[in-house]
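In what follows, residues are counted from 1 in the order of the sequence shown. Note that the coordinates shown come from a computational prediction; the quantities given were computed from them, not determined experimentally.
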Amino acid sequence: MRIEFVHHVYISGLILLLINVTKCYRTGAGPQSCSSMVPFHSNTQPQLGPVPYVITVSKTTYTPREQIVVTVRGCGETKFKGYLVQARLAMFAKQDVKIGVFGIYNNAPYQYTCPDLRLGTVGQALTHRENSDKSKISFVWQAPPVSQGHVIFVITIVQNKNTYWTSVTSPIVYDQQNSVPVSQQILNSLYHVVDPSCTRQPINATSTSTTVSTTTLTFSTTTSPTTTSTTSTTTPTPTSKSTTTTTTTTSTTTAPPTTVTTTSTSAQTTVAVTNVTDITTNNSTENTTEDIVTTTEVYVLPDDRLPLDKDCNRTKGCFHDCDEHSCSFIVSWVDRANFIDMELKTKLMSAGNKWIAVGFSYDKHMGSDSVIECMSMDYNISVFQSYNLDTHANTRLSNPKLGISNEQGSFVDGTFSCSFTRQKIVPEESRIFDLRNDWYLMFATGSSMSGMKLPHQYDPAPPTSLTKINLQEYLQYMPTTQPASTLPPTTIQSTTTTTTEQPWTWKPQPQPTTTTTVATTTKKTSPAVVVTTPLTTTTTTVSTTTQNIDKFQKLSLEKDLACGLTKGCYYDCKNDLCEFIISWRDKGDDIQFDIKSRASSPDPDNMWIAIAFSHDQNMGNDNVIECVTNEGFMDVYQSVNLDSKTNQRLIEPKKGLSGIYGSIQDGIFHCKFTRKKQVVGEDVLLNLNEDFHIMFAHGPATNGKLLPHSVQKIPIVSLKLVDFQKNASVSGRVIYYLIKFHGALMIFAWIGCASIAIVIVRYYKRIWPGSTICDERIWYQVHRLMMIVVFLCVIISAILVFLDVEGYSKINGQMFHQAHPIIGIVVLVFTVANPIVALIRPLPGSVKRKCFNWIHWGFGTIGHILAVINIFAGLELAKAGAPPYLRWVLVAYVGYYITVNMILEISDCVLTRKERKQDDTYMYEMHRKPMYYSHSNAHLQLEPSYSRLKKVVMGTHVLIITVTTLLLIIMLLIGG
């Protein structure tokens, strides 16, 4: 039994070991392989013969923190399942001296391994995640932050469990800051024999799309015996390996209709090939010789054009300039979750080092564009990233391969092809645009020298897409083009109809027309008559309707990604959608301004947008530049804000202005102009060499004159002073805290305190009859305390608003808004007068006491009503910055307050009538009352039976009013 138990334990351990080995093989190299680079495969040895794999690097030199792309590729059809790659110092390639780190991304097919436990460093080695067959894979390696020496990449490649090559090395990547040469001994130690299949030149045949048109004619004549003669002619077509075959068959039968079948597809060049066939038919009456002349059109693709890509708009998106036959360039892409696979292809006639590039732009013009360029350097293709500063200046990024992987390319027989994978989001570099957004695409090509681009020769600009392109949803933006089907033979008399469907492109193209003409000449020898019968040609054109999906139709203004990079900006944006964008560029003695705003006016043909330069955050003494539309025509003027409500246009309104341009298109008001920094002879035109607050406003216009802007849309003012000599990105607006505190105090006073004070003094005098606070009844002390708070809040809020507006506030707009300061003053008068009335009123029992009570009640009630109305008006003023939904909270409060007063009023009436009825019954039955009971003091001495219910109502009222008041104050303070 013991021997059997030991045997079972041994077998179980062996199975677990095999499972562990298999697992390590399938999911990557384990830590035991880190130093020796030998896989942990039992009973196997590494291959010593030629290596059927090639390792290439994107650069053979590096600087600190530079990124290098390392690619492992199988030669021919050779695949591999696993690998282990490390970057080591070339001086110590046989030792475990790793350097630099590899990049990795989500769902990458590889993973980190071999961590440096001593230093706690990860990322210095990569291995596979799964063991599927691979023909090629690329990695991104980043150099260390300081110079450490020449680098070589050491890789173990596993073809299968028993076949693998260890320590295969790449070309040396030399440290540009290290001048120490690599010895010949080290070079010899790094040498390995490469399989001959890796050194053969790949066959790069460019497929020329040549379409052959074949015409078959079948004749029928009325003769007795059946005689068939068939002639086949093969003619080679120029510049093409395809051939044209024309077959003519004549048969004898009873006379059916003539059948003409024509199959033709698109082409660029027409080559006429003529076949002549003599057919002799023996007849009992006469000999007839028929010469049939058939003309076939053969289309040949020009040398400077590419064939159409049939996968465009089906399995991938495309931007190109194709007509119905061919293209000069094609940019295609496929969405891969967090990545975009892109391919660039063009046909170039001249040799030498070239570049092709795709640009991502926020508009249709060059400048502030993210560029990905493919560079041919001695027929090696490398991919880099750069940035267009303006129309003529392009600079390569310091990390030009950030976010780029899977580089491939070729330049053979004039066809320049380049493909790569681009990470959608690269947060480390703002000049690499987020490909989740929509962009205009540009394509350009040109010559290069020493790995750097020379300027392109496009005039005025390279090809640009007509609309912004969504790289994630290209099928939504592009109508699906159905594949062209082969038309069945059409039986007609003397008519051939050919229909060609136009593939959709980003640029409008003339609609294609394909015409096929077949001419038949019949010659009879006896009698000598020549009859020529041309076939009528009918042309049918099918066009594809494209849907122009333009986000600007929704009046959306997207954030300018060039802000803060190549130009300064002040904007008001939320979630990348903006109300306005003001941008500027320093041009020496001038500043070039560009203003874009949503044209939200109901009459865009008569409106204005304006910017102003101010020394402070308030309107008054400001230099204004206004863009005004007048019946569809736009112009730019200058004016000055004399105070917060008065604007006056200058006598010379265009002084110092130039380069004026404006438009309203797709719901966007666009105005552009150049302003001299310093305008001599005009003091109100401020010197833009200084820093100012910048303001933005818009409003309606009439006859080219500005009408006041709305009270809900007062000028938006920058929080900080703006330096127009810097490309700063400025956002945020001035918040008028004095106005907000003014509103908060009025809400606390009239919504909170007054609502409690008025209810308790009117309906709760008989509650808590035996309880006092400081020898005074509870209702009286609560009422007096609350009204003292109301008095203090109103006085303080009035002072705050006078400090903010520096005097009496003049409000433009509707009468409701204009009345706000007037109603406020009336409320202030009632608030001050009411406590004075309370102090001088006569003693209880006096004849004049009732008159004073009515006056006191009237001042308080009217003041409360006017204050609530004025709060409604104040919340609609832009300076308050109140969110729109705040008014509905206020409406709910008014509804509640009216309801609770009605309930308490009705309940008091009902209970008073009930008490009087009980009193009359008691007097009738007893003919007397208790000594302590009298009409004058009954309500003061006895707590009514319903007091508990009224206490619950009062507690609920206080809670609701408190919550409503706090809610209104918080939303007002944080709003805007």
Derivation and outcome, side-chain contact (heavy atoms from CB on, under 4.5 Å), residues I152 and S170: CA-CA 6 Å; I152 196 166; S170 71; 3.9 Å; yes
Audit row: I404, V69, side-chain contact (heavy atoms from CB on, under 4.5 Å) steps and yes/no: CA-CA 9 Å; I404 298 291; V69 179; 5.9 Å; no
Stepwise side-chain contact (heavy atoms from CB on, under 4.5 Å) test for Y440 and D369: CA-CA 10 Å; Y440 290 98; D369 316 313; over 6 Å; no
Y62 and V57: CA distance, side-chain angles, deciding distance, side-chain contact (heavy atoms from CB on, under 4.5 Å) verdict: CA-CA 11 Å; Y62 79 91; V57 292; over 6 Å; no
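If you check the side chains of S361 and D363, you find a donor sitting under 3.5 Å from an acceptor. Defined by atom type and a distance below 3.5 Å, a donor-acceptor pair is present between the side-chain atoms of Q472 and N470. S447 and K354 share a side-chain donor-acceptor pair at under 3.5 Å. No side-chain donor from either of E407 and S58 sits under 3.5 Å from a side-chain acceptor of the other. Side-chain contact, S147 with N178: no donor N or O sits under 3.5 Å from an acceptor N or O. Using modelled atom types, one finds a donor on one side chain and an acceptor on the other under 3.5 Å when comparing Q176 with T61.
Scanning all heavy atoms of the two residues, the minimum distance from C312 to H320 falls at SG-CD2, 4.3 Å. Across C327 and P307, no two heavy atoms sit closer than the pair SG-O, 4.3 Å. Across T566 and Y387, no two heavy atoms sit closer than the pair CG2-CE2, 3.3 Å. Scanning all heavy atoms of the two residues, the minimum distance from M375 to W355 falls at SD-CB, 3.8 Å. Taking every heavy atom of both residues into account, G367 and Y362 meet most closely at O-CE2, 3.9 Å. Between Y164 and N160, the shortest heavy-atom distance links the atoms CD2-O, 4.5 Å.
A donor-acceptor distance shorter than 3.5 angstrom exists from the side chain of K347 to the backbone of D303, with no hydrogens or angles considered. Side-chain N or O atoms of D438 include none that pairs as donor or acceptor with a backbone N or O of K468 at under 3.5 Å. Put simply, the side chain of T346 gets close to the backbone of S328: a donor and an acceptor are under 3.5 Å apart. At least one donor-acceptor pair closer than 3.5 Å links the side chain of Q385 to the backbone N or O of L402. In terms of modelled atom types and a separation under 3.5 Å, the side chain of H128 and the main chain of Y110 share no donor-acceptor contact. Side chain of T166 to main chain of V38: no donor-acceptor pair is present (N/O by atom type, distance under 3.5 Å, no hydrogens or angles). With E130 contributing its side chain and S132 its backbone, the two residues share a donor-acceptor pair below 3.5 Å. In terms of modelled atom types and a separation under 3.5 Å, the side chain of R88 and the main chain of K98 share no donor-acceptor contact. Without hydrogens or angle criteria, Y53 side chain to K79 main chain gives a donor-acceptor distance under 3.5 Å. Between the T464 side chain and the P462 main chain, a donor and an acceptor come within less than 3.5 Å of each other.
Within 6.0 Å of atom NZ in K424, more than 12 heavy atoms from other residues, nucleotides or ligands are found, so the atom counts as buried in its surroundings. Crowding of E428 atom CD: a count of heavy atoms from other residues, nucleotides or ligands under 6.0 Å exceeding 12. In this structure, K310 places its NZ atom where only 12 or fewer heavy-atom neighbours from other residues, nucleotides or ligands lie under 6.0 Å away.
Note that OG of S417 is 9.0 Å distant from CD1 of I381, once rounded to the nearest 0.5 Å. Interatomic distance, OG of S410 versus CG of N380, reported as 11.5 Å (0.5 Å rounding). Remark: L471 CG to R436 CZ distance equals 12.5 Å, nearest 0.5 Å. Annotation: the span from K59 atom NZ to E66 atom CD amounts to 3.5 Å, rounded to 0.5 Å. Taking CG of L344 as the start and CZ of F420 as the end, the distance is 5.5 Å to the nearest 0.5 Å. With values rounded to the nearest 0.5 angstrom, R336 atom CZ is found 8.5 Å from T421 atom OG1.
A heavy-atom distance below 4.5 Å is not found between the side chains of P64 and P145. Side-chain atoms of F339 and N406, non-hydrogen and from C-beta on, never get closer than 4.5 Å to each other. D175 has its side chain out of reach of Q148: every pair of non-hydrogen atoms, C-beta onward, lies at least 4.5 Å apart. Two residues are said to be in side-chain contact when any heavy atoms from C-beta on lie closer than 4.5 Å; F102 and V85 meet this criterion. A 4.5 Å side-chain heavy-atom check between F411 and L348 finds at least one atom pair inside the cut-off. A 4.5 Å side-chain heavy-atom check between V358 and W333 finds every atom pair outside the cut-off. When side chains are defined from C-beta on, V158 counts as touching P39, because their heavy atoms get closer than 4.5 Å. F153 places none of its side-chain heavy atoms less than 4.5 Å from the side chain of T169.
W439 and F433 have parallel rings, their planes meeting at less than 30° on a 0 to 90° scale where 60° marks the start of perpendicular. Between F443 and F329, the angle of the ring planes stays under 30°, which puts this pair in the parallel group of the 30/60° scheme.
Residues D341 and K316 are not paired through a salt bridge, judged by the lack of any N-O separation under 4.0 Å between the basic side chain and the carboxylate. In this structure, D133 pairs ionically with K81, as a charged nitrogen and a carboxylate oxygen lie closer than 4.0 Å. Residues K345 and D309 are not paired through a salt bridge, judged by the lack of any N-O separation under 4.0 Å between the basic side chain and the carboxylate.
The aromatic ring centroids of Y83 and F139 lie less than 6.0 Å from each other.
A cation-pi arrangement is found for K401 relative to F384, the charged atom lying closer than 6.0 Å to the ring centre and inside a 45° cone about the ring normal.
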